[in-house]
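All values below come from the heavy atoms of this structure, side chains included, with hydrogens, waters and symmetry mates left out. Source: prediction; values computed, not measured.
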Amino acid sequence: MNVAAYLARIGRPDLLDVPPSADHLRELHAAHVERVAYEALEIWLGRPTSVDPEESAARIIGGRGGYCYHLNGAFSALAIALGYDVTRHVGGVQNRGSAPGITANHLVLTVRLPDGDWLVDLGLGDALHEPLPLVEGTYRQGPFEYGLRPSEVAPGGWRLDHDPRGSFAGMDFGPAPAEMSAFTEKHHELSTSPDSGFVRTATIQRRDAAGVDTLRGLVLSRIGEHESRMTVTGQDDYFAVLADVFGLPMTDVSPREREKLWRKLSEAHERWLTGTTG
């Protein structure tokens, strides 16, 4: 992995030779979520991906984003290269209305530093802007308030409770270290199953210190000091939003692929409006 290119991608080339610390970890985390979007457009483009951190890092360096396996996988490789003590964990994101569980639908990172352990998670879309100390308590970041406590479903693990305005209820993870192979099967399911949220809805999110921007299908919304919601109505406007709001210029997508993607998004939006699934 080209560490210098990765740091340049997130706008922090100055962090190349600095020693690991809580302050530098916060700076890396915040820069990453602000510059690298949470997105699964490769699924909608028909481009299979893997959970390999090197592949994910190369795609990020090239101007794209990813979802948890890609974002946390790539960041873990970056942080390790910078000298951080990183552990990967199997987690489970709980959607609203469902039960908590360690389902492997989420990759979680912890980082050990002299001042303690930290929850590092760049793959939750509208959640963390900065890492959290692994200490039970309540934490506010921008418009959201999070709760961190021992997990009730993973003995020795942890539970992150999202803000009520967030896109999911919470996330649990176990204490044991995990290899990336632990996520291969679930990644295939999430990338291909018609029941997968990534397959049903093209969602892009970008967190910053003041809030979060979300593009769900063709509906663009903002949660923060000023809240807004609008529908994107044209192909050119859609790709302009990707570039201007989410930092996704999509230079790797051909004109023909753009037209095909826009057609799929428009059809999905019409089905959503009419309440049909066919």
Can any side-chain N or O of R88 pair as donor or acceptor with the backbone N or O of L109 at less than 3.5 Å? no
Counting only heavy atoms from other residues, nucleotides and ligands, does the tally under 6.0 Å from CZ of R149 exceed 12? yes
If you group Ile, Leu, Val, Met, Phe, Trp and Tyr by side-chain heavy-atom gaps below 4.5 Å, do V51 and V36 land in one group? yes
At their closest point, which heavy atom of A77 faces which heavy atom of P53, and how far apart are they? CB-CB, 4.2 Å
Quick one: does any side-chain atom of R9 pair with a main-chain N or O of R35 as donor and acceptor, under 3.5 Å? yes
Beyond-backbone contact of L119 with W158, side-chain heavy atoms, under 4.5 angstrom: no
Is it true that the side chains of H106 and D121 contain a donor and an acceptor less than 3.5 Å apart? yes
Can you tell if the side chain of L78 reaches within under 4.5 Å of the side chain of V3, non-hydrogen atoms only? yes
Verify same cluster id: V108, V135 (apolar side-chain graph, 4.5 Å): yes
R165 vs E145, test: salt bridge (charged side-chain N to carboxylate O under 4.0 Å, His left out). Steps then yes/no. CA-CA 9 Å; R165 291 190 294 170; E145 186 172 273; over 6 Å; no
By the salt bridge (Lys or Arg N to Asp or Glu O under 4.0 Å) test, which pairs, at least two apart or in different chains, include something from residues 65-85? none
Regarding S21 and H24, is there a side-chain donor-to-acceptor distance under 3.5 Å anywhere? yes
Is there a donor-acceptor pair closer than 3.5 Å between any side-chain N or O of Y146 and the backbone N or O of R140? no
In Å, rounded to the nearest 0.5 Å, how long is the span from NE2 of H188 to OG of S50? 13.5 Å
Using the rule given for side chain to side chain contact (heavy atoms under 4.5 Å, CB included), can you reason through H269 versus V219, listing the C-alpha separation, both sets of side-chain angles and the distance that settles it, and then say yes or no? CA-CA 9 Å; H269 185 70; V219 179; 4.2 Å; yes
OG on S254 to CD on E257, rounded to 0.5 Å: 3.5 Å
Pairs in or reaching into residues 30-68: which pass ring-ring contact (aromatic ring centres under 6.0 Å, His included), with residues at least two apart or in two chains? Y6-H32, H32-F75, Y67-Y69, Y67-H70, Y67-H187, Y67-F198
Hey, are N105 and T103 close enough side-chain-wise for a donor-acceptor pair under 3.5 Å? yes
Transitively linked via ILVMFWY side-chain contacts under 4.5 Å: V86 with L7? yes
Looking at R96 and G166, what are the two nearest heavy atoms and their distance? NH2-O, 3.1 Å
Working for salt bridge (charged side-chain N to carboxylate O under 4.0 Å, His left out), residues E152 and R159: CA-CA 8 Å; E152 297 177 1; R159 164 76 175 190; over 6 Å; no
From CA spacing to verdict: side chain to side chain contact (heavy atoms under 4.5 Å, CB included), L242, L41: CA-CA 11 Å; L242 291 185; L41 287 174; 4.0 Å; yes
Is any side-chain heavy atom of L25 less than 4.5 Å from a side-chain heavy atom of V120? yes
Measure the spacing between CG of L148 and OG1 of T138 and express it to the nearest 0.5 Å. 9.5 Å
Any non-hydrogen side-chain atom of V199 less than 4.5 Å from a side-chain atom of T192? no
Please check: side-chain N/O of R59 versus main-chain N/O of I61, any donor-acceptor pairing under 3.5 Å? no
Test item: L113 and Y84 side chains (from C-beta on) under 4.5 Å apart, heavy atoms: yes
Note: F168 and Q94 closest approach over all heavy atoms is CB-O, 3.6 Å
Report the C-alpha distance between L218 and W272 in whole Å, list the side-chain angles of each, state the deciding distance to 0.1 Å, and finish with yes or no for side chain to side chain contact (heavy atoms under 4.5 Å, CB included). CA-CA 10 Å; L218 300 183; W272 175 69; over 6 Å; no
Got a donor-acceptor contact below 3.5 angstrom from the H89 side chain to the G174 backbone? yes
Can you find a pair of side-chain heavy atoms, one from Y139 and one from L160, that are under 4.5 Å apart? no
Could you measure the distance from the CG atom of D244 to the CG atom of D237? Nearest 0.5 Å is fine. 10.0 Å
Closer than 3.5 angstrom, by distance alone: can the side chain of R258 be matched with the main-chain N or O of L261 as a donor-acceptor pair? no
Side chain to side chain contact (heavy atoms under 4.5 Å, CB included) between L28 and L15, worked out: CA-CA 8 Å; L28 282 167; L15 295 178; 3.6 Å; yes
If hydrophobic clusters are built from ILVMFWY residues whose side chains come within less than 4.5 Å, do I223 and F246 share one? no
Has N72 got a side-chain atom pairing as donor or acceptor with L122's backbone, closer than 3.5 angstrom? yes
Sub-4.5 Å side-chain heavy-atom contact between E34 and I10: no
Would you find a donor on one side and an acceptor on the other, under 3.5 Å apart, between the side chain of N95 and the backbone of S98? no
Side chains of D126 and H162 only: does a donor on one sit below 3.5 Å from an acceptor on the other? yes
Flag the pair R47 and D252 as a salt bridge only when some basic side-chain nitrogen lies within less than 4.0 angstrom of an acidic carboxylate oxygen. yes
Are L273 and L265 in one and the same hydrophobic cluster, where Ile, Leu, Val, Met, Phe, Trp and Tyr link if side-chain heavy atoms are under 4.5 Å apart? no
Of all the heavy-atom pairs spanning V253 and R64, show the shortest one and how long it is. CG2-NH1, 4.5 Å
Is the closest side-chain heavy-atom distance between V90 and F183 below 4.5 Å? yes
Give me the atom names and distance for the closest heavy-atom approach of A30 to E130. CB-CG, 4.3 Å
Taken to the nearest 0.5 Å, the spacing of K186 NZ from S193 OG works out to 8.5 Å
For the backbone of R229 and the side chain of S221, can you confirm whether one donor and one acceptor N or O come within less than 3.5 Å of each other? no
Just checking, is any N or O donor in the side chain of T214 or Q205 under 3.5 Å from an acceptor N or O on the other one? yes
Using a 3.5 Å distance criterion without hydrogens, assess whether the side chain of E227 forms a donor-acceptor pair with backbone atoms of R222. no
What's the shortest heavy-atom distance between G65 and L71, and which atoms? C-CD2, 4.0 Å
Check the pair E39, R206 against salt bridge (charged side-chain N to carboxylate O under 4.0 Å, His left out), reporting the backbone distance first and the verdict last. CA-CA 9 Å; E39 54 111 343; R206 185 196 62 84; over 6 Å; no
D17 side, atom CG; L82 side, atom CG - distance, nearest 0.5 Å: 9.0 Å
